[in-house]
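Below is one structure, written out as structure tokens; comments come after it.
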2 protein chains.
Amino acid sequence: MAVTIRMIAEKAGVSRGTVDRALNNRPGVNAEVAAHVRRIAKELNYEPNAVAKALAISKRKLRIDILLNSGQNPFFEKVRRGIQNGMREIRSYGITVETFELTGFSVEEQLQKIDELMQNPPNALVITPINDHRVIDRLNQIAAEDIAVVTLNMDVTGLAKLCFIGCDYVRSGQTAAELLGQITLGDISVGILTGSAHILGHQQRVNGFSQVCEQDYPRIHVRAVAETEDDNEIGYRVTKEMLENHSLDALYFCAGGIDGGIRAVKECGLEKKLKIITVDDTDNIKAYIESGIVNATVCQQPMKQGHDAVTITTDWLLHEKRPSRKHLYTQNEVKLRYNLD
Amino acid sequence: MAVTIRMIAEKAGVSRGTVDRALNNRPGVNAEVAAHVRRIAKELNYEPNAVAKALAISKRKLRIDILLNSGQNPFFEKVRRGIQNGMREIRSYGITVETFELTGFSVEEQLQKIDELMQNPPNALVITPINDHRVIDRLNQIAAEDIAVVTLNMDVTGLAKLCFIGCDYVRSGQTAAELLGQITLGDISVGILTGSAHILGHQQRVNGFSQVCEQDYPRIHVRAVAETEDDNEIGYRVTKEMLENHSLDALYFCAGGIDGGIRAVKECGLEKKLKIITVDDTDNIKAYIESGIVNATVCQQPMKQGHDAVTITTDWLLHEKRPSRKHLYTQNEVKLRYNLD
DNA sequence: CTGAAAGCGCTTACAG
DNA sequence: CTGAAAGCGCTTACAG
């Protein structure tokens, strides 16, 4: 038989309202009474009933805003689907979730959109923050106003966030290097196509990749690194340039613009010769894997990222439940032809 | 503003009790009244509030029994942890979850334990069923008594189950073969260490593996298949025999008894020479990967299996919500040194 | 500072 | 067959 506030109230000789106030540290309770109630709750091993709490709290009309720099990036389709799933799961909680999207990584645009959202402040803000001190400062202000801030897919340091939800980018790069090491023999020249040095995750993937090459596979030599700015046209151009100027055995695509890059590979007639490792599993990448152009891809559970962003934020708003860790890393999933789905 | 039964009741000119009875197909409502109520609910786009429903239903005292053939198998530790997580999540629903464990795969023992549990029948039974017609017949009887049956980690055909939760074993074997294909060149001789031909999943892994070898990598030749019966001593013995009788380049361990098998590999001094693919990521297997003895392992999200067994069964008991598919396959996760955790 | 009462949206004995 | 009322376990205006 589970312990309820009614039992605590009886044992403490106070009303249920007072128990509620004491246990939830609400103001206006005599300190001694509160202490007494808390002691009894502890003795009885009281665990609040989350369902009842959620039902009662549904009167509060809480709101979560989600701001994604998703742009044209097909990767974010799955994040969006995860968000939808999460919303369906919390439908009965009376919490409103609104999603806003930006294209590109302009600091000004992100700041402006944040200000716009703050005209009508939500109870929590989930965001893919740009790694810039102005953004970080602004978000810290928001966090100070008792609005929970959750970073999704992209992280920044020095922010008083509830948590980060996304992949461990260093590990992602390391895993890609290890894969390449296992599927090759002898001296190998590799080129890296990253997104932007200004995006922390991209940088971390490059670093993780390079580090494992040096440390575990010194026969693998990183000959060139170029930036696609997550754009297919630029991706095409820089990949083409790279392939024309270097004799490479392998490519590591660790950001957006992969479709452009693959087009360049095909144009150079190198799709049979090159070993290629990518990130994520958009429909196009799945097709490349099925046709053997790409050997493997390292994914990051985008649906889970979207889903967890909603449910973890909800758990915080309803139950003040902090996630188990500050950084909730999703699995770096290695996908090949036969475990694609 | 979400639609509630109160609104439907007002619009239909009946009481909330009657609305509840009509919408939930409970007996004792005039057919015309019921139809009217349902039409209005549909018009208003009514979605029941799951939280309120759960709170009200918590009076029912529902129970889920879980019967695992977990034996000594360290793999099941994670399944158990997943079950614990699921239980924590549904704590407020007033549903009791009890777990029972068997060692080995004796049909008689499983049948006997089932009978024992049915002395005090639960509302749902989650089970790792042995693939035997007597077990299947018994479980079908149980399902006919309005007890939801969920198969976990092991599946059988011809059972009126709510769903199966576990991996796609064929894909698991295919993925292992593809991995081996990618990390090798030229003619390769491989030996397979499986558990038992009587366990459907083991058989499916062998089949998936062999099929991809033949179809995609004809240079890979399966030279020997032996059964460990999921036991380390037998695993040691049959692996040793296999290595003494065949000149192999690679091994595929697709069931329990891996620790024994690896001991044999080491004793033969072949840990540097052989490419080895395993399944699952017990602590020992992680250690083999870190030390380079095992190249990669194909895992099946054991925590998720345990967790989902609890939450999906709960969703059925509380909301009659059927899972989206009859077979809920977990990801076949390829793990290497740098994406192990 | 505290209690009594109403409320969140369902379900369910009970009386008629 | 139907309705009024109590209940699930919390939260919260309101009155004192």
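Chain naming here is simple, since letters A, B, ... match the order of the sequence lines and numbering starts at 1 in each.
- For D/dG3, the paired base is C/dC14 (Watson-Crick or G-U wobble, both distances below 3.5 Å).
- Two residues, A/G17 and A/P27, neighbour DNA chain C, and the one matched to the more 5' nucleotide by heavy-atom proximity is A/P27.
- Environment of NZ in B/K78: crowded, with over 12 heavy atoms of neighbouring residues, nucleotides or ligands closer than 6.0 Å.
- Each of B/S15 and A/T18 lies near DNA chain D, and the nucleotide nearest B/S15 is the one positioned closer to the 5' end.
- By the 6.0 Å contact criterion, NZ on B/K11 is open, its count of non-hydrogen atoms from other residues, nucleotides or ligands being 12 or less.
- At a threshold of 4.0 Å, the pair B/R80-B/E77 does not count as salt-bridged, since none of the basic side-chain nitrogens sits closer than that to a carboxylate oxygen.
- Spacing between atom NE2 of A/H36 and atom C1' of C/dC1 amounts to 17 Å, rounded to whole angstrom units.
- Side-chain contact check for A/M118 versus A/I147: some heavy-atom pair is nearer than 4.5 Å.
- Other residues, nucleotides and ligands contribute only 12 or fewer heavy atoms inside 6.0 Å of the CD atom of B/Q112.
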Polar-atom pairs under 3.5 Å, protein N or O versus N or O of nucleotides 8-10 of chain D: list them with distances, or write none.
| from | atom 1 | to | atom 2 | distance (Å) |
| --- | --- | --- | --- | --- |
| D/dC8 | O2 | B/A56 | N | 3.4 |
| D/dG9 | N2 | A/A52 | O | 3.3 |
| D/dC10 | OP1 | A/Y46 | OH | 3.0 |
| D/dC10 | OP1 | A/N49 | N | 3.3 |
| D/dC10 | OP2 | A/I5 | N | 3.0 |
| D/dC10 | O5' | A/Y46 | OH | 3.1 |
| D/dC10 | N4 | A/R16 | NH1 | 3.0 |

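- Using a 4.0 Å heavy-atom cutoff across all strands shown, B/R21 reaches at least one base atom of the nucleic acid.
- For the pair B/I8 CD1 and D/dG3 C1', the computed distance is 17 Å after rounding to whole Å.
- You'll find the side chain of B/L318 reaches within 4.5 Å of the side chain of B/I95, heavy atoms only.
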